[in-house]
J.: 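Can you read through this structure? Questions will come right after.
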Amino acid sequence: MRRIYSDYAYGPGPRDSCWWDQTIEAPNWPVQCGEEKVDVAIVGGGFTGLSAALHLAQDGTNVAVLEAESPGWGASGRNGGFCCMGGSKLSGTALRRRFGIQAAETYEASEVAAVNLVRQLLDTHGIEAETHSHGETQLAHSSKAMNRLRVEAHAMTQAGEPVELLEKDQLAEHGLNGPFYGALTTPVGFGMNPRKYLFGLAQAAKSAGANLFQHSPATKISKNGESFVVTTPKGVLRAGQVVIATNGYSSEDLPPWLAGRYMPTQSTAMVTRVLTEDELQAQGWFSDQMAYDSRNLLHYFRLMPNRRFLFGMRGGLMSSGRAEASIRRHLRHDFEKMFPAWSSVETTHCWSGMVCLSRNLVPYVGPVPEMPGMFAGLCYHGNGVAMGTYAGRLLANLVQGRVPDMPYSKAVQSMPKFPLGRARRLLMPPAYVALGLMD
């Protein structure tokens, strides 16, 4: 594999002490061995890969999923558990300017449909994932940001969309006390335990007939006539079609078309010990809403059903043991600054993982150019719970040659290269500086 971070980023160090690992044991999938033939080989066992596998298997397709590590290793097993609208980093205005009104509205409809799909899967397959929160709440970190929220709330109300706008003096009574200037809540989305959801999705896919393999990285993908040959350390899968679902853990050569077209970047999260009722009241935060602030380099946080508090932020730009320790200290500093009444509340778990960006700031879900029979879904910009699941559903349609039965716009499906090739991480420090100054 050819990846753009050091080996440390893809090893056990960043995910050491991940809270979700304590909540449910990983299933024991077999290792792919020998030679097997399937209709579709899926590279990546996260939300996208397992959603694609489930929907393909339900349609009678013989499908195999190759997970390079153990189940839940990647971003799907270590994210913040925000099932919400997102996937793109473009504003509605920017989407319309770049892609046109129809394409933008179709994409926006897909974000809502993605959240609804996850809810449907939870209900249909009886997955208990500790869900909570009625939509998501954005908190203004400055008076200027609050003005933007007022404008956004007015526009959404005019469009008939239900929203709730809270001014600064209303936050405390709603259990949202902190250094904020107001809040805007949209009713779409909910918090969850992502690892429990992921493993519920895996069980559903397996029950439908999908073959799931762990410790079975795809080391090479080649074409032999009409079939793909996917090589693993101990075997080979021959498949009529291939789906790439590796997101921030992608490799530059699987397939070569991906090289330079995705930007992995780190996100870091922590979880506190259980908070007492007195501690919740002391800070004035007792809401079950999943929330994030209005910074470009945002913080995201929520009080979980077990009364532990999850707090996260965009991670560091370097990856090493020393860099990981530094970003964890930075995270804790921001937590104490934002919630000072909890400065003595211990952090029990802390970890990091990769999110994935595209140059045009929208997800890619579609065929791999010049590779007939190969498809890819990635680049969810930190919102992969819903959009990754949705991408898997869309890919199942595309693989079968069907017009997707949910909102899908070809107009937004392009994946231009970043400058600097494998050195493109050099673009991130000045971008972070600029975003920080804007905040």
J.: Is the ring pair Phe335/Phe309 parallel, tilted or perpendicular, if the boundaries are 30 and 60 degrees?
T.: tilted
J.: Apply the test salt bridge (Lys or Arg N to Asp or Glu O under 4.0 Å) to residues Arg273 and Glu279: give CA-CA distance (whole Å), side-chain angles for both, the deciding distance (0.1 Å), then the verdict.
T.: CA-CA 11 Å; Arg273 64 161 168 79; Glu279 287 169 331; 2.7 Å; yes
J.: Evaluate whether atom NE2 of His125 has more than 12 neighbouring non-hydrogen atoms of other residues, nucleotides or ligands under 6.0 angstrom away.
T.: yes
J.: Are a donor atom and an acceptor atom from the side chains of Asp39 and Gln241 found within less than 3.5 Å of each other?
T.: no
J.: Rounded to the nearest 0.5 Å, how far apart are CG of Leu121 and OG of Ser51?
T.: 6.5 Å
J.: So, does Asn383 use its side chain to make a donor-acceptor pair with the main chain of Gly86 at under 3.5 Å?
T.: no
J.: Using the salt bridge (charged side-chain N to carboxylate O under 4.0 Å, His left out) definition, which of the options Arg2, Lys417, Arg424 pairs with Glu252?
T.: Arg424
J.: Are there more than 12 heavy atoms of other residues, nucleotides or ligands under 6.0 Å from atom CE of Met318?
T.: no
J.: Which of parallel (below 30°), tilted (30 to 60°) and perpendicular (above 60°) describes Tyr364 and Trp257?
T.: tilted
J.: Should the heavy atoms of other residues, nucleotides or ligands under 6.0 Å from CD of Glu370 be counted, would the total exceed 12?
T.: no
J.: Could you give me the CA-CA distance, side-chain angles and deciding distance for Lys196 and Glu128, then say whether salt bridge (Lys or Arg N to Asp or Glu O under 4.0 Å) is met?
T.: CA-CA 7 Å; Lys196 288 188 175 182; Glu128 175 48 58; over 6 Å; no
J.: Could you tell me whether a side-chain N or O of Thr347 sits under 3.5 Å from a main-chain N or O of His349, the two making a donor and an acceptor?
T.: no
J.: Regarding Thr389 and Tyr197, is there a side-chain donor-to-acceptor distance under 3.5 Å anywhere?
T.: yes
J.: Between His55 (side chain only) and Leu50 (backbone N and O only), is there a donor and an acceptor less than 3.5 Å apart?
T.: no
J.: Between the main-chain N or O of Gly178 and the side-chain N or O of Trp285, is there a donor-acceptor pair closer than 3.5 Å?
T.: no
J.: Taking the six-membered ring for Trp and the single ring otherwise, decide whether the centroids of Phe82 and Tyr300 are under 6.0 Å apart.
T.: yes
J.: Testing the basics here: between Tyr432 and Arg314, what is the closest heavy-atom pair and its distance to 0.1 Å?
T.: OH-CB, 4.1 Å
J.: Rounded to the nearest 0.5 Å, how far does CG of Asn193 lie from CD1 of Ile24?
T.: 7.5 Å
J.: Is the backbone N or O of Trp29 less than 3.5 Å from a side-chain atom of Gln214, with the two atoms forming a donor-acceptor pair by type?
T.: yes
J.: In plain terms, say whether Glu108 and Arg96 are close enough for a salt bridge, that is, a side-chain N and a carboxylate O under 4.0 Å apart.
T.: yes
J.: Would you say Gln203 and Ser207 are linked by a side-chain donor-acceptor pair, where the criterion is simply a distance under 3.5 Å?
T.: yes
J.: Main chain of Leu117, side chain of Tyr390: is a donor-acceptor contact present, judged purely on distance under 3.5 Å?
T.: no
J.: Are any of the side-chain nitrogens in Glu36 or Arg238 under 4.0 Å away from the carboxylate oxygens of its partner?
T.: no
J.: Taking Ser294 for its side chain and His141 for its backbone only, find out whether a donor-acceptor pair lies under 3.5 Å.
T.: yes
J.: Which label fits Phe339 and Trp342: parallel for a plane angle under 30°, tilted from 30 to 60°, or perpendicular past 60°?
T.: parallel
J.: In terms of ring plane angle, is the pair His333 and His330 parallel, tilted or perpendicular, where the classes change at 30° and 60°?
T.: tilted
J.: Are more than 12 heavy atoms, taken from residues, nucleotides or ligands other than Asp7, located less than 6.0 Å from that residue's CG atom?
T.: no
J.: Does Glu161 have more than 12 heavy atoms from other residues, nucleotides or ligands lying within 6.0 Å of its CD?
T.: yes
J.: Could you tell me whether Arg148 and Glu152 make a salt bridge, using a distance below 4.0 angstrom between a side-chain N and a carboxylate O?
T.: no
J.: Give a yes or no on whether a salt bridge exists between Lys220 and Asp253, defined as a side-chain N under 4.0 angstrom from a carboxylate O.
T.: no
J.: Using a distance-only test with no angle check, is there a side-chain donor-acceptor pair under 3.5 angstrom linking Arg308 and Thr348?
T.: yes
J.: Checking Asn247 side chain against Cys379 main chain: does a donor-acceptor pair fall under 3.5 Å?
T.: yes
J.: Spell out, as yes or no, whether a donor-acceptor pair under 3.5 Å connects the side chain of Arg78 to the backbone of Ser352.
T.: yes
J.: Does one side chain, of His132 or Arg302, offer a donor that lies under 3.5 Å from an acceptor on the other?
T.: yes
J.: Ignoring hydrogens and geometry, is there a side-chain-to-backbone donor-acceptor pair from Ser70 to Trp73 under 3.5 Å?
T.: no
